[in-house]
Colleague: 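Below you will find the structure I want to go over with you.
In what follows, chains carry the letters A, B, and so on, assigned in the order in which the sequence lines appear, proteins first and then strands, with residues in each chain numbered from 1.
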Amino acid sequence: MATKISISPYHHSSASSHRQPPPFTAPAQLPNKKRFTVFCSSSKRAPSPPSAVAEERKNPSLAEQLSPLSTTLLSDNANKTQLLSKPKSTWVNPTKPKPSVLSLHRHKRSTYSYNPQVKDLREFSKKLNECEESEFLAVVEGIPTAPTRENTLLVLNGLKPWQKSLLFFNWVKAQNLFPVETIFYNVTMKSLRFGRQFQHIEDLALEMIEKGIELDNITYSTIITCAKRCNIFDKAVDWFERMYKTGLIPDEVTYSAVLDVYAKLGKVEEVLSLYEKGRASGWKPDPIAFAVLAKMFGEAGDYDGIRYVLQEMKSLDVQPNLVVYNTLLEAMGKVGKPGLARSLFEEMMELGVTPNEKTLTALIKIYGRARWAKDALELWERMKSNGWPVDFILYNTLLSMCADLGLVEEAERLFEDMKSSQRIKPDSWSYTAMLNIYGSAGNVDKAMVLFKEMSKVGVNLNVMGCTCLIQCLGRAKKIDDLVKVFKASVNSGVKPDDRLCGCLLSVASYCDGDDANKVLSCLELANPKLVALVNLLTNEEITNIDTIREEFKGILNSTSVEARRPFCNCLIDICRNRNLHVRAHELLYIGSVYGLYPGLHTKTEEEWRLNVRSLSVGAAHTALEEWMSSLAKIIQQQETLPALFSANTGAGTHKFSQGLGSAFASHVEKLAVPFRESEEKAGFFFATREDLVEWLQSNAVA
DNA sequence: GTAGGGTTAG
């Protein structure tokens, strides 16, 4: 395979900015975009604390070992508190050469002695759960036995709503019959965590500190995971830091909870550092820890990372369980490896692990996205014949898969199944999937039937369903219906997002006169600046490129990243369809300057390639013309050219795909450029140097 | 959910 020379800013040849060699061989291929960002951030790392302090001690403390964390993740005063913190000897075992970052022993569970009152106390908890808060004090006085330590703990354990747990806990404290120990706080905190009440949990933790009640690993892991679930990650990190500063070493539960905190923050390097330190301390990570790592690498799109997880599990002889398999499958999907997902699934089956809804959802999604119709349908058959579990998310994923593969009849059958099912009723996701299918297949009538049906059965149209419907009506040139649907949607609470705006803009690009104005008046309600730019582009002859660039920049800055290129594509189409070719070229230029078309040109010694896969038809035409004129200049300057030139439009594997390839082919024909569509490689056009040079010299496009 | 950690949808 020819080495691609990427013009992307992420072209870096080594992981040299990595602070220390990763435990796995540095990837042979280029680090991907997100990975590079991670490596890059490490170079911004704050300097380590003064080394003299560290040199005095032979055994670096846990705080020092983790100091890269506190210097990157905490505010500047983290350094100070670290240096001022307690003597480290309390948590360094002097007989051990290497101090441990985690304790290999878990907390011992307290054993319950048999309580003959257990049934009554459970009943009592239920009563408390069900009573009004205003009745609480009256009900609690009716406790059937003496409120001893054991009895109250049993009741507390049976309480569900966090309000009740807190009320009961406060009542127990007010009785003042026995010292309220750590376990009472832990049980109450757990209930509060279910209610996502971080502030209450933190208040209890501070109360424990104030009263001198010990916080143990269970307390800390509960606090940390509650902060995590509430998305208060700085608090999660805070409490972890606080824990080791008090001299308590995390056990593997707290440790993997913290790994997950850093993983969710996207701090891949920190997670790996913690992981390695744990391993060096003799930790044998369990499946939960590996699930955390696998999820993180999947989110980061880091295939090497996933391979590393698999390799680590193998070398440590840790069998993945169902959750780990599910996470790995998801991750394989995220990094775009459908084949590996398939073989992992087969491996899992051979080991006798039965898939659940999540497993199947992940796989169906992967096969649908990859357009692997055969595998998707086979799996669907297996699901049915094996009676594997199905839930509404899986149903909706199957519908989306049908949309991806253009399986209209199958989707209709499934949708009818859902309607007649007692358990699984179609929701807005299901309707969106169906609208997507009818929209892509160009079946306006059925799409409109669904639209009307939705308001009848009381399912709200969401912004994505609205986008599908608008696209469908636009393609069918039913502009009056489009306007009606758009206004009705906005009135019923749909908030137009960038994708919907992009969809309206694209409809406007292929409509003429009145119709275009109607569509633009809808767009005006959602994004007036975008419409102003369209007017600037199409109405004012005197508008210069600098004005356009500034306006466009302002719009791009307030547009989500994934919608930026589509915006530019549509604007180019609008210009071309109005015969404003110079404007179209200006827009392509501006788009390239703003990085909307990375990898548009790739070059090797043998071959130069134009990649137009992510361009609209108009943008692809513009890019081809632009390329030809720049090649003409290169020829004039007598620079070296490769033997082969190619253009890649993509094969358009989607059943409903719009056919960029054929549009490109006809433009090639119109210009009479000597590119030939490849018969072996779908979506590729090739020209030899000789043919192209001859054409360029006789056509003088420069 | 029986004092603590991990996985499903454009």
Colleague: Taking only side-chain N and O atoms of A:Arg369, does any of them lie within less than 4.0 angstrom of OP1 or OP2 on B:dG10?
Modeller: yes
Colleague: Over 60° means perpendicular and under 30° means parallel, so classify the ring planes of A:Phe168 and A:Phe136, tilted if in between.
Modeller: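 Perpendicular.
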Colleague: Under the 3.5 Å rule, do the base of B:dG1 and the side chain of A:Asn157 count as making a donor-acceptor pair?
Modeller: no
Colleague: Apply side-chain contact (heavy atoms from CB on, under 4.5 Å) to A:Pro496 and list each qualifying residue two or more places apart in sequence or on a separate chain.
Modeller: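 Once residues adjacent in sequence are excluded, the partners of A:Pro496 under the side-chain contact (heavy atoms from CB on, under 4.5 Å) criterion are A:Phe486, A:Val490, A:Leu500, A:Ala526.
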Colleague: Is A:Asn321 side chain donor-acceptor paired with the B:dG6 base, going by distance under 3.5 Å alone?
Modeller: yes
Colleague: Can you tell me how far P in B:dG1 sits from the matching atom in B:dG5, rounded to whole Å?
Modeller: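 My reading of the P atoms in B:dG1 and B:dG5 gives 10 Å.
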Colleague: Is there a donor and acceptor pair closer than 3.5 Å between the side chain of A:Thr254 and the base of B:dG4?
Modeller: yes
Colleague: Hey, does A:Phe194 reach any base, or is it just sugar-phosphate, or nothing, if we go heavy atoms under 4.0 Å?
Modeller: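 Since a base atom lies under 4.0 Å of A:Phe194, the category is base.
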Colleague: Is the distance from OP1 or OP2 of B:dA3 to the nearest side-chain N or O of A:Arg106 less than 4.0 Å?
Modeller: no
Colleague: Counting only non-hydrogen atoms, which of residues 220-227 of chain A are less than 4.0 Å from DNA chain B?
Modeller: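 Contacts with DNA chain B under 4.0 Å: A:Ser221, A:Thr222, A:Thr225.
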Colleague: Please verify the inter-ring angle class for A:Trp162 with A:His200; under 30° counts as parallel, over 60° as perpendicular, anything in between as tilted.
Modeller: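 A:Trp162 and A:His200: tilted rings.
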Colleague: Which part of the nucleic acid does A:Val324 contact within heavy-atom distance under 4.0 Å: base, sugar-phosphate only, or nothing?
Modeller: base
Colleague: Using atom P in both nucleotides, what's the gap between B:dT2 and B:dG6 to the nearest angstrom?
Modeller: 14 Å
Colleague: Charged N to carboxylate O below 4.0 Å: is that the case for A:Arg382 and A:Glu346?
Modeller: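 Answer for the salt bridge query: yes.
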Colleague: How close do A:Pro161 and A:Asn129 get, counting heavy atoms only, and between which atoms?
Modeller: CD-OD1, 3.1 Å
